[in-house]
Amino acid sequence: MSDMSTIIQLADVRKQYGNDGVTTEVLHGINLTLQQGEFSALIGPSGSGKSTLLNIIGLLEQPTSGVIRVSGRDTGTLPDEELTKLRGRSIGFVFQFHHLIPAFSALENVMMPLMLEAGRPTPLQRERAAALLTRVGLADRLSFKPAKLSGGQQQRVAIARALAANPPLILADEPTGNLDTAAADEIFKLLFEVNQESGTTFLIVTHDPRLAKRCRRVIELVDGQIVA
Amino acid sequence: MLAVKKTMRIEWLLAVRFLKEGRAQSFFMLGGVTMGVGVIVFLTSLITGLQRSIIEKTLGTQAHVVMRSPDDEARRIIKPDSTLSVSANIERRAQRLSSILQWQQIMRELEKRPEVTAVSPLVAGPSFAIRGNATKSVALMGIDQEKYTRIVPMASFMKEGEFRISANDAAVGTDLARELGVTLGDKIRLQTADGRSETITVAGIFDVGIRDLNRRWVFITLRSAQNLLDLVGGVSSIDVTVRDLFKAEVIGAQLAQQTGLTAESWMKTNAQLMVGLKSQSASSYMIQFFVIISVAFGITSVLVVSVIQKSREVGILRAMGCSRRRIRHIFLLQGGVVGLIGSLLGCGLGALLVTFFASTARNPDGTPIFPVVLEPGMFLIAAAVATVTGILAAAAPAVRAAKLDPVVAIRNV
Ligand SMILES: Nc1ncnc2c1ncn2[C@@H]1O[C@H](COP(=O)(O)OP(=O)(O)O)[C@@H](O)[C@H]1O
Ligand SMILES: [Mg+2]
C-alpha cells in the first residue's frame with residue numbers, strides 16, 4: 001500500500017476520550033495518507049478533532065484503535081524510547097502558542113531538537129541553528145530570550161526549531177492563530193517557501209479560509225470524520 | 001549568552017538552566033540544604049571534639065588494656081564474700097599480691113602483635129610515704145621508665161624536675177609533695193604494712209590533672225617495688241596500648257586468650273563514660289537523621305511545585321524528542337545539584353559556626369574548652385549524604401515529571 005513517497009499513513013484511526021462509563025469518540029475511523037512534499041491544510045470547525053488528529057499523527061497521543069505508519073513503519077507497538085527517537089527524527093512541531101522554552105535563547109531553542117538527538121550541544125548545531133534563524137529573518141535575534149521577541153518573531157523561532165532536525169514532516173497547529181493578518185501572511189509565506197526549497201511535507205491546521213485556499217491540498221474534518 | 005558549554009550533557013544543561021530560572025525556589029532549596037548540612041557539620045565536630053578531649057583526658061593516665069593474673073581476679077571476686085577476717089588475713093600473708101611470673105616472655109609475645117603499640121610492666125601496691133612526722137598512704141608504681149612513658153606520657157605532666165626513675169630517684173605528684181612538704185632533692189621513706197622500707201629522692205613532681213592520682217602515685221623502679229611489695233621476679237599487671245583504641249575491648253579479649261591472663265579494657269574500666277558517650281552520639285545521630293529528613297522534604301515539596309510549573313516545558317521537550325527517562329534525569333539532577341552545592345555551602349557554614357563557638361567557649365586561662373575537630377572525611381560524608389539526599393528527594397517529582405502527558409501540557413496553555 002505504501003510506496004516510497006508516502007510519509008504518513010493512517011488506517012481506521014479512532015480516538016475516544018473518557019473511560020468510566022461516559023466515553024466520547026472524537027475521531028471516527030480516519031483514513032489519511034500524506035505524500036512527501038505535500039503542503040496540506042487541515043480545516044474544520046472548532047472541536048471537530050483537528051488538534052487531536054495532529055497529535056496522533058505526531059505520535060504525541062495514542063489512538064484508541066487503528067494504525068499509524070511513519071515511513072511504512074507501524075508505530076503501535078513501539079516503546080516510549082523508540083517512539084521518542086522516531087518523533088525527534090521524523091516530525092517537527094509548530095504550535096499555536098509558540099511553545100518556546102523561556103529559559104533558553106532563540107538560538108538554544110532552535111538547537112534543542114539537535115541537542116536532544118546528539119545528547120549534548122556542538123558547534124555544528126549552533127551553526128545550523130544560526131543559519132535557520134537567519135533564514136527566517138532573525139539573524140540579529142540569536143541571543144534573545146523568547147520573552148524579548150514579538151509573537152511573529154517567536155513563531156519564526158518555532159518554525160526554525162521545527163526545521164532544525166530536518167524532519168520530512170512538519171505539523172503546525174494553527175501557527176498563525178495568534179498573529180495579526182500581516183504577520184500571519186508572512187509566516188504562511190515562510191512555510192510555503194521552506195516547502196518549495198526543501199520538499200518538507202507540511203500539514204497545517206488553520207481556520208483561516210484565506211490561507212487554506214493557498215494550500216495545494218485541503219483536508220476538511222467535521223465531527224471527527226474527513227469529509228473532503 | 002550565546003555560550004553553551006560544549007561538554008555539558010543536555011540533561012545537565014536543562015537541569016542547571018531550570019534551577020537558574022526558578023531563582024527563588026532554588027534559593028529556598030539551597031538555603032534548606034545549607035542550613036541542614038551546617039547544623040550537621042556543627043554538631044558532628046562539636047561532639048567529636050568534645051568526646052575526643054574527654055577520651056584523651058581519660059586515657060592520658062590509663063593504658064588501653066590492663067592484663068592481670070587470673071588468680072588475682074579470682075581473689076578480688078572472693079574477697080567480699082569471706083566473712084572471716086582470719087582467713088582473709090591468712091591469705092594476705094600467704095601471698096600479698098598475686099603476680100605474673102613469666103611476664104618477660106608474655107611481654108615479648110604481646111609486642112609481636114601488630115595491633116599492639118606499647119607494652120609496659122607494672123608492680124603496683126599500697127605503701128606509706130613518711131617524711132618527718134607526716135605519714136601518707138600512697139600507691140607504689142614500680143615501672144620501667146622507658147616502657148611506661150610510651151603508655152602514659154609522664155614527661156608532659158612534669159611540674160618540677162624531670163621524670164627520671166632510678167634506684168634513688170622517684171617521682172611524686174604535686175599534692176603529695178605539698179602534703180609531705182617536700183621539694184626536688186628531698187628524701188621520702190617508703191614503708192609497707194609488713195615493715196619493708198626504702199628511701200627515695202624526689203627527682204620530679206608531676207600533675208596529671210587528677211587530684212587523687214597526684215596525691216597517691218609514687219613512681220619508683222620495678223625492682224624497688226618488687227622488693228617493697230614482696231613480689232620478686234613478678235609484676236602485678238601488664239599495661240598495653242593498641243592502635244585503634246575503640247578496638248581495645250576486642251583486642252583485650254584476644255590477648256587474654258593468648259596469654260591466659262585476664263584483660264580489662266579502658267572501655268570496661270570507664271563503662272559509665274562509654275555509656276555517656278554512646279548515648280550522646282546516639283542523640284546526635286537522631287538529630288542529624290531528622291535534619292536530613294526535613295531537608296529532603298523541603299527539596300521534594302519545592303520540586304513538586306516546580307514540576308507543575310514546568311509541565312509546559314516538559315511537554316515541549318517531549319514533543320521535540322526528549323524521552324521520559326531523560327525528563328526524569330533532568331529533575332533528579334536538579335535535586336543532586338542542589339544537594340551538592342548546598343552541602344558545600346553548609347560545610348562552610350558549619351565550619352564557621354563551630355570555629356566561632358569554640359573561640360567563645362574558653363577556659364579561664366584562655367585555652368579552648370574543647371578542640372575543634374574539622375576532618376576532611378566529615379565534609380566528604382556530609383557532601384555525599386546531602387547529594388544522595390537531594391537525588392532521593394527529587395525521585396518522586398522526577399517520576400511525576402516523566403509521567404506528564406505532553407499533549408495535556410501542549411493543549412493547556
Ligand atoms: N483530553 C481530552 N479529554 C476529553 N475530551 C477531549 C480531550 N481533548 C480533546 N477533547 C475533546 O475532543 C474534541 C476535539 O478536540 P480538538 O481535537 O481540540 O478539536 P479542534 O482542534 O478541532 O478544535 C473536543 O470536543 C474536545 O473537547
Ligand atoms: Mg485545536
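Chain letters run A, B, ... following the sequence lines, proteins first, then strands; residues in each count from 1.
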Apply side-chain hydrogen bond (donor to acceptor under 3.5 Å, both in side chains) to B:Ser284 and B:Gln288, showing your working. CA-CA 6 Å; B:Ser284 143; B:Gln288 293 181 32; 3.1 Å; yes

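Ranked by heavy-atom pairs under 4.5 Å with chain B, the list A:Ala164, A:Gly88, A:Ala165, A:Ala103 is led by A:Ala103. Residue with the most contacts toward chain A among B:Gly315, B:Cys322, B:Pro406: B:Cys322 (heavy-atom pairs, distance under 4.5 Å).
Using the six-membered ring where Trp is involved, A:Phe95 and A:Phe93 have ring planes that are parallel, under 30° apart on the 30 and 60° scheme.
A:Gln36 places no side-chain N or O within 3.5 Å of a backbone atom of A:Ile7 that could act as its donor or acceptor partner. With hydrogens and angles ignored, the 3.5 Å screen pairs no side-chain donor or acceptor of B:Gln280 with any backbone N or O of B:Leu50. With hydrogens and angles disregarded, no donor-acceptor distance shorter than 3.5 Å links the side chain of A:Asp173 to the backbone of A:Ser51.
Considering all non-hydrogen atoms of both residues, A:Leu221 and A:Lys50 come closest at CD2-N, 3.6 Å.
Near-neighbour residues of residues 18-27 of chain B relative to chain A, defined by a heavy atom under 4.5 Å from a heavy atom of that chain, comprise B:Phe18, B:Glu21. Interface with chain B: from residues 52-65 of chain A, residues A:Thr52, A:Asn55, A:Leu60, A:Glu61 qualify, criterion being any non-hydrogen pair under 4.5 Å.
By the 4.0 Å N-to-carboxylate-O rule, A:Arg135 lies close enough to A:Glu197 to be salt-bridged with it. Between B:Glu115 and B:Lys247, none of the side-chain N atoms (NZ, or NE/NH1/NH2) sits under 4.0 Å from a carboxylate O, so this pair counts as no salt bridge.
The contact between A:Pro102 and chain B is made by backbone and side chain atoms together, counting heavy-atom distances below 4.5 Å. The contact between B:Arg326 and chain A is made entirely by side chain atoms (from C-beta outward), counting heavy-atom distances below 4.5 Å.
Judged as a side-chain contact (heavy atoms from CB on, under 4.5 Å), and not counting sequence neighbours, the contacts of A:Asp74 are A:Val67. Looking at residues two or more places apart in sequence or on another chain, you find a salt bridge (charged side-chain N to carboxylate O under 4.0 Å, His left out) between A:Glu81 and B:Arg325.
The side-chain heavy atoms of A:Glu82 and A:Arg73, taken from C-beta on, include a pair separated by under 4.5 Å.
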